[in-house]
Visitor: 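Sharing a structure, written as structure tokens. Questions coming.
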Amino acid sequence: MTTTLPPVNLTGSKTTLLSVRSDRSGQSRKTYGIASKRQILGKLAGVEKADIGAYRNSYKHNLSLSILQDGYVSSFIELFELFDKQAKQIEAADSESGEVEVELLIDQQEKLNVLKQKLIAAENARRIGAPEKAYDAYLGLAQYFEQFPSDQWLIDYFHDRCMMQSGLVDDDGRKQAEANFNIGVALEKRGDLSAAVEFLEKFFTLTTDQEWQNREGEHLHDKAAIQLYKTYTCLAEEVYEEAPSLSIEYLKKAYQMAKEGGNKTEAGMASHRLGNIYEAVGDPQVAAMYHKGYLDRCKRDKDKVGMGKAYEALGRCQQNEGKIEEALESYKEFVNIAKDEGNQDVYSQACASLADLYNMLGDYGSAVEFYEKSSESMETEDQERVQLMNISLAIARSHNQLQSFSSAILHNTPQLTASLVEWKDYRDDAFMMASRPATACTDSAQSTAQEA
């Protein structure tokens, strides 16, 4: 005869874990069923066998098992390919540098959850023949990993997956164009401009003659042109020191892209940069042409600051070409604009440029005037610049006084000699005003006539 004890309070339990049997002698004895001791303890704690495994296994293991149980084999394979890809990268880096500190993807639960969600979404999209949805899922993963600087390899991987799916979308190549743009921008962000420009040029080509717009209403072709303008400009700066001629070619392309994109402001800046680089390589005539183009755009846009820059650049080019009168007019325009804008430091720079030209022409009085204005309006803590300005002013003053001093020595009249001696005591400007060459000769002649 078997006597069963009251069941243990286990909701949903289908197994009698403990029973009491009476043997032939009538004594009761405890017997266990086939359940192991661990199963019994698990049942007593209200935990199923699967739950015990979940506690014992790693998060990666449980996540992978969940994906497989839900029937997403492709997602499972792709996830493990990523694990393997990272392991190989770490191994290669370790062999080169000797040490690598990288947080493994398998140890980052939040990223694994996002990967599971998006990979399953992409697999579902492929099953129903919707490559555009698979594209969006992979793009979402690429954008998610952009917030993690150490995950550039994942960004590249999912952009490549987007490119693969874009070729399956029947939309006249729009997704393919966008995929090229995304790869180009990603490469540009990490500084690989040469590789980036290839994808951006494909984006530009694919959007030509298309009316595609993004959510903000911006035409994709215009966006392609402006992005290429920026990339070409950066490339020009990157190669300038080693290859000035190549830098000019990139700037010409940037100029064309700015015009193609319909951005007049950027086109003006591109023209200004071209002028600067032609000036730097010793071609002031071509440089002046581009600076005039920049000036015209600034005038149309009523950009006073830009006009000042253009006049300053034009003045330099005209001076180098020997067009001194035109250079003077350009520098004067630069001074007037800077004064109207109220930017003291720019005004100081403009006055100094005009003073330099006056000094070169031998008009030392005007040179002193504008050097003094430059010195008075200078707002800088750069002591080297301040000292340079003081030296320029002192030299201009010396040259300005040299004419009067030389005239006084050459004519050697009692009046001029007395003025010279007095000036040596005070060193003021009264001597200069009284001893100009023309006036000195006239005074000397008049004095001689009176004595006679």
Side-chain angles (χ1 to χ4, degrees), residues 78 81-108 110-112 114-115 118-119 122 135-166 175-207 214 218 220 223-243 246-247 249-251 253-254 257-258 261 266 269-270 273:
E78 192 163 9
E81 286 177 349
L82 292 175
F83 295 154
D84 185 59
K85 185 179 181 69
Q86 187 184 36
K88 289 180 179 178
Q89 287 180 343
I90 293 173
E91 183 180 357
D94 185 56
S95 63
E96 293 177 2
S97 62
E99 58 180 74
V100 177
E101 293 184 3
V102 178
E103 187 176 5
L104 295 175
L105 183 60
I106 60 176
D107 296 329
Q108 302 177 70
E110 180 183 345
K111 294 180 182 180
L112 290 176
V114 174
L115 281 167
K118 294 294 186 179
L119 289 176
Y135 173 95
D136 292 339
Y138 286 126
L139 180 60
L141 281 169
Q143 293 172 340
Y144 169 76
F145 284 105
E146 284 178 358
Q147 62 185 304
F148 306 107
S150 61
D151 289 333
Q152 291 294 332
W153 66 281
L154 284 169
I155 298 172
D156 292 342
Y157 176 85
F158 289 115
H159 278 316
D160 287 341
R161 297 292 286 170
C162 285
M163 182 66 77
M164 292 173 61
Q165 292 299 315
S166 67
K175 287 292 186 187
Q176 192 172 3
E178 292 176 356
N180 278 284
F181 173 77
N182 292 331
I183 293 176
V185 171
L187 290 169
E188 187 178 37
K189 285 181 179 178
R190 75 190 61 170
D192 194 351
L193 299 178
S194 298
V197 77
E198 295 180 12
F199 289 96
L200 293 174
E201 285 173 344
K202 291 178 183 177
F203 176 52
F204 178 81
T205 302
L206 288 169
T207 55
N214 57 19
E218 182 182 12
L220 295 187
K223 186 175 183 178
I226 294 302
Q227 187 63 45
L228 271 174
Y229 154 74
K230 295 176 181 177
T231 307
Y232 284 138
T233 301
C234 292
L235 272 171
E237 294 174 356
E238 187 178 83
V239 304
Y240 171 70
E241 294 295 334
E242 296 183 358
L246 180 59
S247 181
E249 292 305 313
Y250 279 132
L251 283 178
K253 289 182 178 181
M257 287 298 107
E266 298 294 357
M269 288 303 301
R273 290 190 185 96

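All of these numbers come straight from a predicted model, not from anything done at the bench.
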Visitor: Report the residues that fulfil side chain to side chain contact (heavy atoms under 4.5 Å, CB included) with Gln152, sequence neighbours left out, ordered by chain and then residue number.
Guide: Ile155, Arg190
Visitor: Hey, could you give me the CZ/CZ distance between Phe199 and Phe203, rounded to the nearest 0.5 Å?
Guide: 14.0 Å
Visitor: Any non-hydrogen side-chain atom of Phe158 less than 4.5 Å from a side-chain atom of Asp160?
Guide: no
Visitor: Please report the interatomic distance OH(Tyr157) to CD(Glu78), rounded to the nearest 0.5 Å.
Guide: 3.5 Å
Visitor: Measure across Tyr229 and Ala254 and return the closest heavy-atom pair with its distance rounded to 0.1 Å.
Guide: CD1-O, 3.2 Å
Visitor: Over all heavy atoms of both residues, which pair between Leu251 and Arg273 is shortest? Give the atoms and the distance, please.
Guide: CD1-O, 3.9 Å
Visitor: Please report, to 0.1 Å, the donor-acceptor pairs under 3.5 Å made by any side chain of residues 176-188, with sequence neighbours excluded.
Guide:
residue	atom	partner	partner atom	Å
Glu178	OE2	Arg174	NE	3.0
Asn180	ND2	Gln176	O	2.8
Asn182	ND2	Glu178	O	3.2
Glu188	OE1	Gln227	NE2	2.6
Glu188	OE2	Thr231	OG1	2.8

Visitor: How long is the gap from CZ on Phe145 to CG on Leu115, to the nearest 0.5 Å?
Guide: 4.0 Å
Visitor: Roughly how far, to the nearest 0.5 Å, is CD of Glu242 from OG of Ser247?
Guide: 11.5 Å
Visitor: The criterion is side chain to side chain contact (heavy atoms under 4.5 Å, CB included); which residues satisfy it with Gln108, sequence neighbours excluded?
Guide: Glu103, Lys111
Visitor: Heavy atoms, side chains only, cut-off 4.5 Å: are Leu141 and Leu154 in contact?
Guide: no
Visitor: Can you measure from NZ (Lys223) to OG1 (Thr207) and round to the nearest 0.5 angstrom?
Guide: 11.0 Å
Visitor: Partners of Leu246 by side chain to side chain contact (heavy atoms under 4.5 Å, CB included), sequence neighbours excluded?
Guide: Val239, Ala243, Tyr250
Visitor: So Gln89 and Lys85, do their side chains get closer than 4.5 Å, heavy atoms only?
Guide: yes
Visitor: Quick check: closest heavy atoms across Met163 and Ser166, and the distance to 0.1 Å?
Guide: O-OG, 2.6 Å
Visitor: To the nearest 0.5 Å, how far apart are CG in Leu193 and CD in Glu238?
Guide: 5.0 Å
Visitor: Using the test side chain to side chain contact (heavy atoms under 4.5 Å, CB included), find all partners of Glu201 that sit at least two apart in sequence or belong to another chain.
Guide: Val197, Leu228, Tyr232
Visitor: For the salt bridge (charged side-chain N to carboxylate O under 4.0 Å, His left out) test, which of Lys118, Lys175, Arg161 pairs with Asp136?
Guide: Lys175
Visitor: So, Glu237 side chain and Cys234 main chain: donor-acceptor pair closer than 3.5 Å or not?
Guide: no
Visitor: Side chains of Glu146 and Asp151: does their closest heavy-atom pair fall under 4.5 Å?
Guide: no
Visitor: Which residues pass the ring-ring contact (aromatic ring centres under 6.0 Å, His included) test with Tyr135, sequence neighbours left out?
Guide: none
Visitor: So do the side chains of Leu104 and Ile90 get within less than 4.5 Å of each other, counting heavy atoms only?
Guide: yes
